[in-house]
Amino acid sequence: MTRICVAVCEKTVAALESAAVRASESADVVELRVDCLGAVEDLQRVLDRLSRPVILTFRPSQQGGHRELDHEARQSFWKTAARTEWWDLEADLASEVVLATHADWSNVIVSHHDFSGVPKDLTKVYERLAATPARVLKIAVHADDIVDCIPVFQLLDRARTEGRHLIAIAMGNAGLPTRILGPSRGSFLTYAALAEERATAPGQITTQKLRSVYHVDTIDQETMICGLVGLPVMHSVSPHMHNAVFRAAGINGVYLPLEVRDVQSFFKRMVHPRTREIEWKLRGLSVTAPHKSKVLESLDWIEPDAKQIGAVNTVVVDNDKLRGFNTDASGFIEPLLKVMGSLRGLRSAVIGAGGAARAATWALLKNEANVTIFARNVEKAHALGKEFDVSYASLSDASYAGYDLVINATPLGSGESIDQAPATAEQLAGAGCVYDLVYNPIETRLLKEACKADCKTVRGLEMLVAQAKNQFELWTGQSPSSTEMYESAAAALGH
Ligand code: NAP
């Protein structure tokens, strides 16, 4: 059973009451973080409004709470605290509080928090907690890298075999898999936030996301696991696309963001079936920046196209082998072919000289188009041009009149440069089609300039969907709905 606990932390009782009532509408359990309150009074008023089981928490700042609390203040709080379903007592205080209040250990969660990392003696921490009669043990540590999830999953395995209830969480973005997969691996509950900006711990996501994006209630030991390997990954819309089509196709699968710093260590310790330290039903991975080239060293087989491009964006875990593919190139070409028909002999301008420009150039040449690379750094344009035996030019003062295709493979038009474009309508006048690989926002400044110049346009989101569709097929053997993928990505991007 998946229990979601929404933790609420507010400065006033009125705000706590309103947040807790809202939390109880979607959560199975509500945690009241009493240490967030300016003054502890009228708590009963809040408790009377709640129909869900409540965890009461009064954590000192030294252990991640919101208040400086000395031993005496903590003790005196618990001596008069309301008897809720659960008291979350830090390990240093638990026995003392139970003795002084005659509380029942069956209502106690005995907890340990480490916001700085994963303690080297984590199993000793577990053993210290397990030596108490508390009904539930809780260990929350901080993950800097995905591999920090390994000891957390291992503790859950151990608690399961020892018949103990354990909540084990790795906080931080890299720890997200423990929050999503934890319940299916025996975690007594998983914590969620009422809203993203109201998270009470690093890496906490909303109940709505846990349920409607990750379908956490349906994840079990048999769930096929896929994910996006990169740094950063939390902004990605890929989980929205893949989880939506897992659901639509009736496949028991989940797709997670996996924040990975050291890709080789991740592949050795968590991915490769011959060396990994945890058992999970990992089936496939998408790979994004900065790991698309480095990942090649960790694979058993690489498709010839991906080898030529020098980048893998898709991994399939096939029995005890890891196979690498590149769906960026085909994903790039598919939407273009729909608009242009054949690409043979077309004059194309690729703007940028990074990874996407490389895959685009390779795919255009394979489809017999002519390519000129335009980049702000002429040396990089020269190097890429030399490698593919194509011409190159400087981006400044470029004119695209006479080009059948103009492709933006720079991040210009997104993030901090959202109002910018690599070319103006004047520069695009006389070009055939403009393809912007930027997909956030969906309608970029460059696409608007292209419309002014009467060019055809292709959106970056079409490539994102096409490459994701090809990945899904490699992992599942099924063809997902492009419309479903496009709509879920567009919704995640706010459209
Ligand atoms: P990358 O390897 O970092 O390369 C970025 C390129 O853009 C470099 O040549 C860089 O030049 C150039 N650049 C950066 N800022 C610039 C600026 N202000 N003016 C001119 N040139 C600039 O990145 P990438 O992986 O190729 O990705 C490029 C873009 O394509 C990103 O926005 C990415 O999201 C998008 N993309 C989309 C899809 C999709 O599915 N739609 C797939 C892949 C990539 P310097 O080397 O001089 O810095």
Side-chain angles (χ1 to χ4, degrees), residues 228-238 240-242 286-295 306 309-314 325-336 349-364 371-385 387-388 392-398 406-424 427 434-447 457-472 482 485-486 489-490 492-493:
L228 172 66
V229 176
L231 186 73
V233 286
M234 295 307 288
H235 64 286
S236 171
V237 297
S238 294
H240 296 262
M241 286 193 290
H242 285 290
S286 311
V287 184
T288 188
H291 302 312
K292 281 186 187 181
S293 303
K294 194 84 183 152
V295 73
I309 300 165
V312 157
N313 79 325
T314 311
F325 301 84
N326 188 306
T327 68
D328 277 338
S330 55
F332 164 75
I333 287 292
E334 279 169 31
L336 206 47
V350 173
I351 304 176
R358 200 187 157 76
T361 302
W362 182 90
L364 287 165
V371 177
T372 302
I373 292 162
F374 290 83
R376 66 175 174 185
N377 182 328
V378 184
E379 275 172 32
K380 286 188 185 167
H382 171 69
L384 196 59
E387 191 183 334
F388 284 105
Y392 66 93
S394 165
L395 188 55
S396 54
D397 302 325
V406 179
I407 292 136
N408 175 33
T410 78
L412 268 176
S414 61
E416 284 175 4
S417 61
I418 193 160
D419 294 328
Q420 296 174 38
T424 60
Q427 287 175 291
V434 174
Y435 187 177
D436 196 345
L437 302 197
V438 168
Y439 58 83
N440 185 12
I442 298 175
E443 294 298 340
T444 61
R445 174 77 191 271
L446 178 65
L447 294 177
T457 56
V458 182
R459 297 158 162 183
L461 192 54
E462 313 222 8
M463 170 177 173
L464 188 77
V465 168
Q467 61 80 31
K469 185 171 183 278
N470 295 344
Q471 296 185 318
F472 192 88
S482 297
M485 282 186 139
Y486 193 97
L493 291 169

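For ligands, and for the atoms within them, numbers begin at 1 and follow the listed sequence. Keep in mind the model is a prediction, meaning the values are calculated, not measured.
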Looking at [atom], what's its closest protein heavy atom, distance included?
| atom | value |
| --- | --- |
| atom 9 (O) of ligand 1 | A353 N, 2.8 Å |
| atom 36 (N) of ligand 1 | L437 O, 4.0 Å |
| atom 19 (N) of ligand 1 | L412 CD1, 3.4 Å |
| atom 32 (O) of ligand 1 | P411 CA, 3.3 Å |
| atom 34 (O) of ligand 1 | Y439 CE2, 4.3 Å |
| atom 4 (O) of ligand 1 | G354 CA, 3.3 Å |
| atom 42 (C) of ligand 1 | M463 CE, 3.5 Å |
| atom 43 (C) of ligand 1 | A356 CB, 4.1 Å |

Suppose I only count heavy atoms of V438 and a 4.0 Å limit; which atoms of ligand 1 are within that range?
32 (O)

Residue part near ligand 1, for [X], under 4.0 Å between non-hydrogen atoms:
| X | value |
| --- | --- |
| K380 | side chain |
| T410 | both |
| S417 | neither |

Does any part of the side chain of [Y], heavy atoms only, come nearer than 4.5 Å to the side chain of [X], both counted from C-beta?
| X | Y | result |
| --- | --- | --- |
| E334 | M463 | no |
| L464 | M241 | yes |
| L446 | V438 | no |
| D328 | K292 | yes |
| V465 | E462 | no |

State whether the shortest distance between N or O atoms of [X] and N or O atoms of ligand 1 falls below 3.5 angstrom.
| X | value |
| --- | --- |
| R376 | yes |
| G355 | yes |
| L461 | no |
| G460 | yes |

Specify the closest pair of heavy atoms between A393 and A381, including all atoms of both residues, with the distance to one decimal.
O-CB, 4.3 Å

Which atom pair, heavy atoms only, marks the closest approach of V312 to N326?
N-ND2, 4.5 Å

Geometric class of the F332/Y435 ring pair [parallel <30°, tilted 30-60°, perpendicular >60°]:
parallel

Which of T361, I351, L437 passes side-chain contact (heavy atoms from CB on, under 4.5 Å) with I407? Answer is L437

Any protein heavy atom at under 4.0 Å, with [atom] as the reference point?
| atom | result |
| --- | --- |
| atom 11 (O) of ligand 1 | yes |
| atom 48 (O) of ligand 1 | yes |
| atom 39 (C) of ligand 1 | yes |

Single hit among H382, K380, E379 for side-chain hydrogen bond (donor to acceptor under 3.5 Å, both in side chains) with Y392
H382

Intermediate values then yes/no, salt bridge (charged side-chain N to carboxylate O under 4.0 Å, His left out), E387 and R358:
CA-CA 10 Å; E387 191 183 334; R358 200 187 157 76; 2.7 Å; yes

Looking only at heavy atoms of D328, does any of them come nearer than 4.0 Å to an atom of ligand 1?
no

Any heavy atom of A409 closer to ligand 1 than 4.0 angstrom?
yes

When you compare the side chains of N440 and S414, does any donor N or O come within less than 3.5 Å of an acceptor on the partner?
no

Hey, could you give me the CG/CZ distance between D436 and R445, rounded to the nearest 0.5 Å?
12.0 Å

